[in-house]
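Report on the following structure.
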Amino acid sequence: VKSEVSTINVGIAASMGSLLLCGGSKGKRLALPHSRTMIHQPGTGGGAGVQGQAEDIKVEAERILTIRENVVNYYSQLTGQPREKVMLDLDRDNFFSAQQAMEYGLIDRVIQRGS
C-alpha cells in the first residue's frame, strides 16, 4: 500500500525544504500565493567551512560533489527540468515566487482563496 503525500509551502521552503516540497505526490505539491521557494547546491552544513588535514578536505569535497549529483538528479526527475538547467539553477541561491515554482515544476498548484 502506497500513501500519497501532500506537501504545502505556507511561507518559505528553502534548501532541503524545497526538495521535500517537490518530493510530494504529483498533483499534491501546493503553495500559498505569497510563499517562496529557494533551491541551491549543497554546502558543508556550517558557516566555518571545511577544516582539517588535506586528505580530510579532499574526502569532504568528494562527498559534497556526490551529494550535489544526487540533488541535481532528484530535482531533475521531480521537476522535469533538464539536468544541465538544474545544475545552473543550483549554482547560487535561487528564489522562486509561488507562480515561478509552479512553472519550474517544484509544485503543482498555487492555492487560491476559496479553492
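With hydrogens and angles disregarded, a donor-acceptor distance shorter than 3.5 Å links the side chain of Ser18 to the backbone of Met38. Judged by distance alone, with hydrogens and angles left aside, the side-chain atoms of Asn94 form a donor-acceptor pair with the main-chain N or O of Asp89 at under 3.5 Å. A side-chain donor-acceptor contact under 3.5 Å links Thr79 to the backbone of Tyr75. Side-chain atoms of Glu60 do not come within 3.5 Å of backbone N or O of Ile57 as any donor-acceptor pair.
Distance check, rounded to the nearest 0.5 Å: CD of Glu103 to OG of Ser97 gives 7.0 Å. For the atom pair CG of Leu30 and CD1 of Ile111, the computed distance is 4.5 Å after rounding to the nearest 0.5 Å. Distance check, rounded to the nearest 0.5 Å: CZ of Arg83 to CG of Leu90 gives 10.5 Å.
Considering only heavy atoms from C-beta on, Gln81 stays 4.5 Å or farther from Ser76 through its side chain. Looking only at side-chain heavy atoms (C-beta outward), Leu32 and Asn9 stay at 4.5 Å or farther from each other. Met102 has its side chain out of reach of Leu106: every pair of non-hydrogen atoms, C-beta onward, lies at least 4.5 Å apart. You'll find the side chain of Met87 reaches within 4.5 Å of the side chain of Glu69, heavy atoms only. At least one side-chain heavy atom of Asp56 sits under 4.5 Å from a side-chain heavy atom of Gln53. For the pair Ile107 and Leu21, the minimum side-chain heavy-atom distance is below 4.5 Å. For the pair Leu78/Leu19, a side-chain contact is recorded, criterion being any heavy-atom separation below 4.5 Å from C-beta on. Between Pro33 and Gln112 there is a side-chain heavy-atom pair separated by less than 4.5 Å.
With hydrophobic clusters built from ILVMFWY side chains whose heavy atoms lie under 4.5 angstrom apart, Leu65 does not share a cluster with Val59. Grouping the Ile, Leu, Val, Met, Phe, Trp and Tyr side chains by contacts below 4.5 angstrom, directly or via other members, places Leu20 apart from Ile12.
Residue pairs meeting the ring pair (Phe, Tyr, Trp, His ring centres under 6.0 Å) criterion with at least one member in residues 77-112, sequence neighbours excluded, are Phe96-Tyr104.
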Report task. Go through the steps to decide whether Lys28 and Val5 satisfy the test side-chain contact (heavy atoms from CB on, under 4.5 Å), and finish with yes or no. Result -> CA-CA 7 Å; Lys28 297 188 175 208; Val5 175; over 6 Å; no
Query raised in the report: Between Ser15 and His40, is a side-chain contact (heavy atoms from CB on, under 4.5 Å) present by the stated rule, with each step listed?
Result: CA-CA 6 Å; Ser15 196; His40 65 162; 2.8 Å; yes
Report task. Show your reasoning for whether side-chain contact (heavy atoms from CB on, under 4.5 Å) applies to Val71 and Gln41. Result -> CA-CA 8 Å; Val71 168; Gln41 64 181 309; over 6 Å; no
Requested in this report: Test Cys22 against Arg29 for side-chain contact (heavy atoms from CB on, under 4.5 Å), laying out the working first.
Outcome: CA-CA 6 Å; Cys22 78; Arg29 305 172 307 169; 3.9 Å; yes
